[in-house]
Amino acid sequence: GQQVMQIPQYQHVQEGEDFTTYCNSSTTLSNIQWYKQRPGGHPVFLIQLVKSGEVKKQKRLTFQFGEAKKNSSLHITATQTTDVGTYFCAGREGGKLIFGQGTELSVKP
Amino acid sequence: KAGVTQTPRYLIKTRGQQVTLSCSPISGHRSVSWYQQTPGQGLQFLFEYFSETQRNKGNFPGRFSGRQFSNSRSEMNVSTLELGDSALYLCASSSSDRDAFMNTEAFFGQGTRLTVV
């Protein structure tokens with residue numbers, strides 16, 4: 001079955017530094033979704049990418065979908081303490097989401 | 001619009017017991033999925049229900065089962081609990097067509113934190 005791998009597992013940054021997490025799938029994805037889970041919270045949808053090579057921005061967050069639709073990345077510019085949490089990518093396989101292991105981001109003020 | 005509601009929020013059970021968790025999806029959503037989240041394994045897909053039918057199943061033993069009612073509310077049951085079943089169980093609902101081609105984002109509930117002692 002489909003496997004989604006995500007790196008790094010942890011990232012500690014100083015406030016104001018940039019952050020990137022990478023997601024790779026063993027198979028071609030029809031689309032990829034990104035979620036954020038705050039400590040003690042539940043995953044919250046951030047964005048969905050569908051097209052090959054697609055790039056979407058949400059304020060300081062930039063999401064990319066690879067040309068082969070097998071990899072994706074999330075880049076945060078100038079992190080803030082509010083960015084703390086775990087970021088998950090997820091590939092859809094029909095009605096189910098296959099999640100990456102997540103990247104836990106901590107931000108030192 | 002009310003979000004996804006899971007009950008109970010916390011549970012403590014003893015090994016060998018069984019447990020039932022409940023999930024009420026967002027109104028109008030017919031797809032309900034269940035996930036197990038643990039620190040070591042991340043978010044693992046359990047199963048998905050659509051219009052009262054199990055449409056997808058993950059790689060969990062038969063002790064894990066679920067069902068969906070005509071109002072789209074869903075329950076999952078774990079029988080003969082083991083220590084390793086301690087986890088956060090998350091339910092997610094999404095709008096979906098019957099062939100699962102039009103799946104959109106998943107809306108997660110707050111989860112049920114199950115502790116098996």
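We name chains A, B, ... by the order of the sequence lines, and we start the count at 1 in each one.
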Exercise for the section: Could you check Y87(A) against L105(A) for side chain to side chain contact (heavy atoms under 4.5 Å, CB included), going step by step and ending with a plain yes or no? Expected result: CA-CA 8 Å; Y87(A) 293 84; L105(A) 172 65; 3.9 Å; yes

Completion exercise
Highest number of heavy-atom pairs under 4.5 Å with chain A among Q44(B), R113(B), Q110(B) belongs to Q110(B)

Exercise for the section: Please confirm whether F19(A) and H75(A) have ring centers closer than 6.0 angstrom. Expected result: no

Completion exercise
Bottom line for L43(B): the part with an atom under 4.5 Å from chain A's heavy atoms is both

Problem - Flag if over 12 foreign heavy atoms under 6.0 Å of CZ, F60(B) - result: yes

Practice task
Count the heavy-atom pairs under 4.5 Å between each of A106(B), G111(B), A92(B), G109(B) and chain A, then report the option with the highest count.
Solution key: A106(B)

Handout entry: Audit row: F45(B), W34(B), side chain to side chain contact (heavy atoms under 4.5 Å, CB included) steps and yes/no
Key = CA-CA 6 Å; F45(B) 173 78; W34(B) 289 89; over 6 Å; no

Practice task
Under 4.5 Å heavy-atom distance to chain A, tell me which part of Q41(B) shows up: side chain, backbone, both or neither.
Solution key: backbone

